[in-house]
Every structure is written in structure tokens, then in C-alpha cells.
Amino acid sequence: MKKRFFRITGRDMRIHKPDGAVITFWLAAETEEDALKACEERGMVDIEKIIDDTESHPWVGEQAE
């Protein structure tokens, strides 16, 4: 399955402890569920937004591996 790029906004608990910081970033994953699981594993909580941004992400034309 081809990787998709998801633009995610959520609270990263590793930054500015103990409250965390809200950040927006891109993450390559095969499915939205895989992207959310990767966020959870890295301490991302309170996901506000997850958008499939494959067609317009900043690295259009580069292949995700």
C-alpha cells in the first residue's frame, strides 16, 4: 500500500512539560489509523485535526518510504 501524508494538529506532551504544546506536523503512514497509532506511541494526545494532505504537502513529488 502506498504511503499517504497526513497533516496533524495535536498536543505533544514531550514539549513544555507538564502541559505539553500544540503543534502541527506532517506524518507519512499507510492509513489514518496507522497515523493515529504512531501519534499515540510518541505521546501525542488531544489530536485536534488529521487531514489527508498527500496531494498538497510541502514535499509533493517526493516518494515516502
Side-chain angles (χ1 to χ4, degrees):
M1 183 178 246
K2 187 176 179 181
K3 297 263 185 176
R4 310 290 299 166
F5 283 91
F6 295 94
R7 185 172 55 204
I8 302 169
T9 300
R11 183 170 303 277
D12 188 337
M13 299 306 291
R14 299 170 298 177
I15 303 171
H16 299 299
K17 292 180 181 183
D19 297 325
V22 175
I23 61 172
T24 299
F25 59 97
W26 283 268
L27 180 68
E30 291 184 3
T31 65
E32 183 175 319
E33 292 79 24
D34 289 343
L36 290 171
K37 182 178 177 184
C39 288
E40 182 181 332
E41 290 171 355
R42 290 169 177 81
M44 296 294 301
V45 297
D46 300 332
I47 301 299
E48 296 175 9
K49 200 175 358 176
I50 182 166
I51 300 168
D52 185 342
D53 199 25
T54 302
E55 301 305 319
S56 61
H57 66 86
W59 306 282
V60 169
E62 292 184 21
Q63 178 66 26
E65 297 187 24

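Values reported hereafter were calculated over all heavy atoms of this structure, with side chains retained and with hydrogens, waters and symmetry mates removed.
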*Does CD in E30 sit with more than 12 non-hydrogen atoms of other residues, nucleotides or ligands closer than 6.0 Å?*
yes
*Can you find a heavy atom in the side chain of D52 that is under 4.5 Å from one in the side chain of E32?*
no
*CG/D12 to SG/C39 distance, rounded to the nearest 0.5 angstrom?*
9.5 Å
*Hey, could you give me the CG/CZ distance between D46 and R11, rounded to the nearest 0.5 Å?*
6.0 Å
*What are the two closest heavy atoms between A21 and H16, and how far apart are they?*
CB-CD2, 3.6 Å
*Between A29 and A35, which heavy-atom pair has the shortest distance, and what is it?*
CB-N, 3.7 Å
*Examine distances only and state if a side-chain atom of T9 and a backbone atom of K49 form a donor-acceptor pair shorter than 3.5 Å.*
no
*asked:* Checking the side chain of R14 only, and the main-chain atoms of R42 only, is there a donor and an acceptor separated by less than 3.5 Å?
replied: yes
_For I50, the rest of its hydrophobic cluster, which grows through side-chain links under 4.5 angstrom_ = F6, I8, I15, I23, F25, L27, L36, M44, I47
*Please walk me through it: do T31 and R4 pass side chain to side chain contact (heavy atoms under 4.5 Å, CB included)?*
CA-CA 7 Å; T31 65; R4 310 290 299 166; over 6 Å; no
